[in-house]
Amino acid sequence: MGLEDRTRYDPAESEARVFARWFDSGLFHPEPAGAAAENYSIAIPPPNVTGALHMGHALNGSIQDTLIRYARMRGKRTKWILGTDHAGIATQTQVERLLASEGTSREEIGRDAFVERVWRWREQYGSTIIDQYKRLGASCDYAEERFTLDEAYARAVLKVFVTLYDKGLIYRDNYMVNWDPGSRSAISDLEVEDREVTDTLYYVDYPLASGHGSVTVATVRPETMLGDTAIAVHPDDDRYTRLVGETAILPLVGRRLRIIADEYVKPEFGTGALKITPGHDPNDFEIGRNHGLDELTVIGEDGRMTAEAGERFAGLTALEAREAVVAALREEGRISRTEPYTHEVPYSQRSGERIEPLISLQWFMKMEELAAPAIAAVREGRIRIHPEGQRRRYLDWLENIRPWCISRQLWWGHQIPVWYRGEETYVGMDPPSGPGWERDPDVLDTWFSSALWPFATLGWPDETDELRAFYPTDVLLTARDILFLWVARMVFMGLEFVGDIPFDDVYVHSVVQAPDGRRMSKSLGTGIDPLALIDGGPRPPVFSEGGDFPAYGADAVRYGLLAMSSTQDVRFNEGTIAEGRQLANKLFNASRLVLLRVPEGLTVPETAPAPSTVEDTWILSRLQAAEAEIAEAIGAFEFHRATRTLYRFVYGELCDWYLEMLKPRLYAEDNAEPAAFALYVLAETLALAHPVIPFVTEEIWSLMPGAGDLLMAHRWPEADPALRDADVEAEVARAIEATQALRTWRDGVGAAPGSRVPARLDAPGYERVAEHVARLARFEFSLNGDDPVATVGVPGGAVLVLASDAVDLEAEKRRAAERAELLRKEITRAESKLDNAGFVAKAPAAVVQAERDKLDKLRRELDELS
RNA sequence: GGGCGGUUAGCUCAGUUGGUCAGAGCGCCUGCCUUACAAGCAGGAGGUCGCGCGUUCGAACCGCGCACCGCCCACCA
């Protein structure tokens with residue numbers, strides 16, 4: 001189809017073609033050279049290998065690509081490090097589910113076969129999300145895709161483990177962990193979320209060994225009492241002081257329990273006496289260690305009661321045991337009271353099951369020593385975290401850091417490089433020689449390997465050219481949910497192993513919520529698929545209206561997400577995506593206007609041609625303003641401002657005014673000069689818009705005569721302050737204001753749309769723009785000396801409307817009266833302000849003067865009216 | 001229990017250091033198929049900037065209090 005007939009920009013038609021040209025150019029893949037300080041790099045937050053692109057990725061990717069393209073156009077050697085994360089629990093769970101559907105399980109097929117199966121799964125689905133990033137236009141280095149389980153990457157992981165072990169920072173210990181019965185693994189504190197649950201609070205009487213009376217404790221988990229090893233009361237609690245040191249008898253079991261005093265106990269809660277179960281409660285565990293209590297495990301890793309729970313209960317699930325224990329206690333008359341009790345209970349984010357705190361032999365990382373430099377780097381401003389609130393979160397977390405449980409009882413991941421033979425332990429990157437060694441079956445927490453991402457992807461521990469050229473990276477973009485899980489850990493790992501921060505800036509961007517304010521989630525039906533927006537897929541149920549999205553295209557999605565984004569969460573707003581589509585279409589059509597009028601042989605000027613008219617000077621000046629503003633906004637990570645400035649420039653200045661003023665000259669017979677100038681302005685605008693909406697700008701670029709290969713590789717339009725012209729800006733601003741005033745007047749009196757209204761322009765400073773005003777407002781200015789029938793205020797004076805068929809005198813009378821009314825109101829307001837002695841005396845002179853000028857102007861217009 | 005953020009037009013959101021800052025897009029109303037675009041153009045209506053008190057000549061903006069909403073951190077049975 002010829003350009004003449006392409007009246008709409010069709011993203012579906014051009015995006016694949018444009019992406020292929022980018023991809024084939026090789027510009028996504030930089031040869032490593034130079035130092036990191038002169039290059040520009042970003043490490044992508046690696047998506048889960050089997051995941052699909054969601055709104056979070058789309059926003060995160062749009063921001064990064066905007067930054068990458070901006071840097072590339074500014075002549076930087078630019079690398080966007082790409083790859084995927086093996087995502088231990090998430091991936092293993094998916095494959096286990098698949099096995100279950102086939103009627104088998106990982107235990108049944110065995111570890112080797114299972115891992116083999118996951119690798120095959122990864123082969124099958126691992127490229128999906130990468131392809132989806134391409135649909136967004138992401139200019140990642142696809143030639144160097146990394147995976148956290150790649151052989152080289154795995155070597156880096158093992159080296160880090162062994163090094164930290166040798167330094168004594170990694171150790172094995174029996175400690176209380178968050179046991180996730182769903183994934184049958186320990187998980188970290190950060191993978192636990194609290195949910196509100198209403199349980200029953202049971203008041204249970206424990207008889208005293210003395211035979212005189214009993215102590216009543218309150219508990220929501222009666223089944224854990226089988227593991228009780230003490231009762232605690234507050235040392236200052238008078239009710240119990242005499243009992244401290246005595247012994248109580250555990251009902252059903254008969255175990256003798258010491259009554260101890262500990263300040264942890266809250267006297268006002270329950271009965272003020274607390275049963276202590278060191279094996280199954282984090283608080284009790286602490287108290288137990290402080291008082292040297294026995295630690296009994298009555299609930300096992302399978303979620304069932306152990307032999308230690310007694311044969312009456314062993315083998316029951318914890319929930320079954322609770323009922324059995326309660327029934328047994330009731331039988332013995334030990335339950336004096338129950339009440340409903342609503343509280344927060346820990347659940348696994350991974351499996352959704354209730355966390356079972358238990359004591360387990362796990363690997364831990366000691367954190368204080370590693371955290372200190374990571375705190376200092378941010379405190380001293382070597383790493384800047386935006387916005388400020390996130391910086392504080394980061395510091396608070398690291399300053400209160402606890403040991404990190406790094407082992408997971410999974411099969412998919414980096415197996416811990418530790419071997420045992422009897423009492424012997426061997427730790428090393430390669431297996432020990434000799435017979436009889438058995439490797440620790442656990443794997444490392446996924447975040448252990450992700451923490452090495454910015455340097456392990458560049459070839460560390462080898463001192464590669466890539467590492468030299470691109471580490472540290474420039475900026476990390478993320479939502480706040482992985483600030484601790486990932487960002488903080490990258491910082492201390494980078495400092496520890498490369499000796500330098502992993503990035504200079506961390507920008508924490510919005511989380512995009514569903515239109516109704518809920519979290520976007522597939523299971524809730526609130527998730528919106530970015531691909532559905534690009535291609536025009538079905539609207540999810542969270543939208544009130546049904547049907548398919550229009551095919552907005554990638555540019556619209558990028559623009560919309562950037563325009564929605566800020567430093568706080570935002571609700572998804574389809575209208576903002578639509579705005580992006582309109583912008584792309586507008587630019588496309590503005591380009592058609594120019595391109596279809598360019599005479600044969602004319603090419604895009606390399607540098608700004610000398611402007612020959614006031615509107616040329618004006619648009620050149622405004623272009624510099626937009627360029628400066630957008631560059632500043634991108635530099636400050638204020639993408640909302642960048643998109644808004646772009647939109648306003650294109651709509652409010654380029655299209656609404658410049659192109660309209662240009663038309664007579666562009667349509668003239670001999671239009672080489674205005675066409676060349678317009679081509680230049682268009683080229684600059686396309687370059688300016690390219691980082692945000694790369695597809696449509698690249699597409700148009702390919703239609704520009706003599707524009708060169710790829711806009712992607714074109715220089716960024718640097719603002720030139722010398723091209724600003726304040727006088728001309730003011731002159732054209734007056735012309736715009738006058739045009740709008742005249743149009744409003746026309747509408748107010750109901751002038752026939754096509755008619756040209758005769759009038760006399762009675763104001764100075766319009767010599768060079770009067771013709772534009774007349775044409776755009778459909779007026780006919782003359783020197784006719786007749787008495788006017790209407791007066792329209794314009795900057796610096798008035799337009800005196802002459803009698804004609806176009807003017808309805810009655811309508812004009814009404815309009816003039818309304819206008820006068822409004823003017824009187826504003827005059828009163830200005831007068832009272834200037835009558836205020838305090839204002840005149842204390843406000844800056846310029847402010848006072850501005851108010852006086854305003855008053856004069858209002859009075860003049862009112863005079864003219866009457 | 002601590003901490004952070006929000007509350008501006010019917011909807012989604014901008015509002016830099018207090019003084020043309022009361023804005024944008026969508027939606028709505030009116031009129032236009034004007035030689036790039038009807039996914040368009042022109043014009044318009046609509047808000048006591050959550051509530052109260054204070055600082056100031058002047059507050060959407062600064063301070064205090066309150067009310068909702070959201071998020072984060074925290075081992076209270």
Side-chain angles (χ1 to χ4, degrees), chain A residues 3-4 6-9 176 189 194 201-202 217-221 224 232 264-266 268-277 281-287 341 343-344 346 357 387-390 392-393 396-397 400 480-481 483-484 511 513 515 517 550 563-564 566-576 578-579 581-582 584-597 636 638 640-641 644 647-648 651-652 655-656 659-660 663 666-667 739-740 743-748 750-754 776-778 833 836-844 846-848 850-851 854:
Chain A
L3 188 57
E4 186 76 53
R6 292 171 68 184
T7 56
R8 291 177 186 174
Y9 171 62
M176 175 142 291
D189 296 338
D194 287 337
L201 188 59
Y202 298 90
V217 300
T219 177
V220 293
R221 301 201 60 194
T224 64
Y264 166 80
V265 182
K266 300 266 183 298
E268 63 277 12
F269 190 93
T271 60
L274 178 62
K275 70 193 251 323
I276 300 299
T277 320
D281 183 281
N283 312 311
D284 296 6
F285 178 76
E286 284 290 323
I287 295 171
Y341 180 63
H343 62 149
E344 301 275 304
E388 170 63 24
Q390 301 304 323
R392 213 168 15 244
R393 274 183 73 215
D396 284 350
W397 187 72
N400 298 296
R480 62 176 180 283
D481 53 346
L483 190 66
F484 309 147
V511 173
Q513 300 169 331
M564 277 179 239
S566 73
T567 52
Q568 61 180 74
D569 290 354
V570 290
R571 292 187 183 196
F572 180 82
N573 182 228
E574 188 177 342
T576 314
E579 196 177 307
R581 181 179 60 157
Q582 309 299 67
N585 189 56
K586 195 73 178 171
L587 257 186
F588 185 75
N589 275 296
S591 305
R592 284 177 64 235
L593 170 66
V594 176
L595 291 172
L596 291 172
R597 302 287 148 206
E638 293 175 26
H640 177 274
R641 204 173 93 197
R644 197 174 52 159
Y647 187 93
R648 282 199 176 156
Y651 266 79
C655 293
D656 289 351
L659 292 179
E660 292 302 332
K663 272 179 184 175
L666 195 58
Y667 277 88
T739 303
Q740 289 172 327
R743 283 169 172 170
T744 303
W745 176 85
R746 289 186 71 109
D747 208 67
L776 296 175
R778 296 185 177 233
K833 200 165 183 182
N836 183 336
F839 174 72
V840 178
K842 294 188 181 175
V847 173
V848 177
E851 198 63 32
K854 184 176 157 193

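Below, chains carry the letters A, B, ... as their sequence lines are ordered, and counting in each starts from 1.
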Margin query: Classify A:Q390 by what it touches in the nucleic acid, base, sugar-phosphate, or nothing, heavy-atom distance under 4.0 Å.
Written below: nothing
Item checked: Parallel, tilted or perpendicular: ring planes of A:W397 versus A:F484, cut at 30 and 60 degrees -> parallel
Check: Does the side chain of A:K842 get closer than 4.0 angstrom to OP1 or OP2 of B:G18 through an N or O atom?
Finding: no
Checklist line | Whole-Å gap separating P (B:A42) and CZ (A:R746) | finding: 14 Å
Next item on the list: Assign A:K275 to base, sugar-phosphate, or nothing according to its heavy-atom contacts below 4.0 angstrom with the strands shown.
Entry: nothing
Notebook entry, point to check: Just how far, in rounded Å, is C1' of B:A77 from CD of A:E268?
Noted result: 12 Å
Item checked: A:D281 (side chain) donor-acceptor with A:P357 (main chain) under 3.5 angstrom -> no
Next item on the list: State whether the side chain of A:R8 and the backbone N or O of A:N585 hold a donor-acceptor pair below 3.5 Å, judged by distance alone.
Entry: no
Note to self: Mind checking if A:R393 touches a base, just sugar-phosphate, or nothing, with heavy atoms under 4.0 Å?
What the structure shows: sugar-phosphate
Checklist line | Proximal nucleotide (of B:G6, B:C4, B:A77) relative to the A:R392 side chain | finding: B:C4
Next item on the list: Check the distance between B:C37's C1' and A:R592's CZ and give it to me in whole angstrom.
Entry: 7 Å
Check: A:H640 has an atom NE2; how far is it from atom C1' of B:G23, in whole Å?
Finding: 11 Å
Check: Quick one: which of B:C37, B:C41, B:G43 gets closest to the side chain of A:Y651?
Finding: B:C41
Next item on the list: Take atom C1' in B:A59 and the same atom in B:G18, then report the distance between them in whole Å.
Entry: 6 Å
Notebook entry, point to check: If you check the A:N836 side chain, which of B:A39, B:C57, B:A74 turns out closest?
Noted result: B:C57
Check: Ion pair present between A:R480 and A:D569, side-chain N to carboxylate O less than 4.0 angstrom?
Finding: yes
Margin query: Does A:Y202 reach a base, just sugar-phosphate, or nothing at all? Heavy atoms under 4.0 Å.
Written below: nothing
Notebook entry, point to check: Starting at the 5' end of RNA chain B, which residue's closest nucleotide do you reach first, A:D189 or A:V570?
Noted result: A:V570
Checklist line | Identity of whatever pairs with B:C57 - Watson-Crick or G-U, under 3.5 angstrom | finding: B:G19
Notebook entry, point to check: Base, sugar-phosphate, or nothing for A:V265, non-hydrogen atoms under 4.0 angstrom?
Noted result: base
Next item on the list: Determine the interatomic distance between C1' on B:A67 and the same-named atom on B:C29; round to the nearest Å.
Entry: 36 Å
Next item on the list: Give none if B:C66 has no partner; otherwise give the nucleotide forming a Watson-Crick or G-U wobble pair with it, both distances under 3.5 Å.
Entry: B:G50
Check: In terms of side-chain heavy atoms of A:Y341, which of B:G43, B:A39, B:A77 is nearest?
Finding: B:A77
Item checked: Side-chain N,O (A:S566) to OP1/OP2 (B:A14) below 4.0 Å -> yes
Next item on the list: Assign the ring pair A:H343 / A:Y341 to parallel, tilted or perpendicular, where the plane angle (0 to 90°) is split at 30° and 60°.
Entry: tilted
Item checked: Touch class at under 4.0 angstrom, heavy-atom based, for A:Q582 against every strand present -> base
Notebook entry, point to check: Counting any heavy atom closer than 4.0 Å, what does A:P550 reach on the DNA or RNA strands: base, sugar-phosphate only, or nothing?
Noted result: nothing
Notebook entry, point to check: When you measure from the side chain of A:N589, which nucleotide among B:A39, B:U12, B:C37 comes out closest?
Noted result: B:C37
Item checked: Listed nucleotide nearest any side-chain atom of A:E579, set B:G25, B:C13, B:G19 -> B:G25
Margin query: Suppose we define a pair by two distances each less than 3.5 Å, Watson-Crick or G-U wobble; what does B:C76 pair with here?
Written below: none
Item checked: A:R581 side chain near B:A39 phosphate (N/O to OP1/OP2, under 4.0 Å) -> no
Notebook entry, point to check: Is the cationic atom of A:K266 (NZ for Lys, CZ for Arg) positioned less than 6.0 Å from the six-membered ring centroid of A:Y264 and within 45 degrees of its normal?
Noted result: yes
Note to self: Within the 4.0 Å heavy-atom criterion, would you say A:A843 contacts the bases, only the backbone, or no part of the nucleic acid?
What the structure shows: base
Margin query: Checking contacts here: which listed nucleotide (B:G43, B:A77, B:G25) is nearest the side-chain heavy atoms of A:R743?
Written below: B:G43
Check: If we take the P atom in both B:C57 and B:C21, what is their distance in whole Å?
Finding: 23 Å
Item checked: Nearest-nucleotide 5' precedence on RNA chain B, A:D747 against A:S591 -> A:S591
Note to self: Does A:E388 reach a base, just sugar-phosphate, or nothing at all? Heavy atoms under 4.0 Å.
What the structure shows: nothing
Notebook entry, point to check: Among B:G19, B:C41, B:C76, which nucleotide sits nearest the side chain of A:D656?
Noted result: B:C41
Note to self: Just N and O in the side chain of A:Y9: are any of them under 4.0 Å from OP1 or OP2 of B:A39?
What the structure shows: no
Margin query: If I take atom CG in residue A:D569 and atom C1' in nucleotide B:G5, what distance separates them, rounded to the nearest angstrom?
Written below: 9 Å
Item checked: pair A:Y9-A:L587: side-chain heavy atoms closer than 4.5 Å -> no
Item checked: Side chains of A:F588 and A:R6 in contact at under 4.5 Å (non-hydrogen atoms) -> yes
Notebook entry, point to check: Does a nitrogen or oxygen in the side chain of A:H343 sit under 4.0 Å from OP1 or OP2 of B:A77?
Noted result: yes
Checklist line | Residue matched to B:C71 through Watson-Crick or wobble contacts both under 3.5 angstrom | finding: B:G3
Checklist line | Partner nucleotide of B:G27 by Watson-Crick or wobble geometry (both distances under 3.5 Å) | finding: none
Check: Among side-chain atoms of A:R393 and A:Q390, is any donor-acceptor pair under 3.5 angstrom?
Finding: yes
Notebook entry, point to check: Choosing from B:G19, B:A77, B:G43, which nucleotide comes nearest the side chain of A:Y264?
Noted result: B:A77
Notebook entry, point to check: So what does A:T576 touch, heavy atoms closer than 4.0 Å: a base, only the sugar-phosphate, or nothing?
Noted result: nothing
Item checked: Interatomic distance, A:F484 CZ vs B:C72 C1' [rounded to whole Å] -> 7 Å
Check: Does a side-chain N or O from A:T744 land closer than 4.0 Å to OP1 or OP2 of B:A42, or not?
Finding: no
Note to self: Both distances below 3.5 Å, Watson-Crick or wobble geometry, any strand: find the nucleotide opposite B:G40.
What the structure shows: B:C32
Next item on the list: Write down the distance between CG (A:D396) and P (B:G3), rounded to a whole number of angstrom.
Entry: 11 Å
Notebook entry, point to check: Side-chain N or O of A:R644 less than 4.0 angstrom from OP1 or OP2 on B:A14?
Noted result: no
Next item on the list: May I ask you to decide if A:R592's main-chain N or O and A:R597's side chain share a donor-acceptor pair within less than 3.5 Å?
Entry: no
Checklist line | Separation of the P atoms in B:G15 and B:U8, to the nearest angstrom | finding: 14 Å
Next item on the list: Specify the separation, in whole Å, of atom CZ of A:R480 and atom P of B:G6.
Entry: 13 Å
Note to self: Of the options B:G31, B:A77, B:C57, whose atoms approach the side-chain atoms of A:P753 most closely?
What the structure shows: B:G31
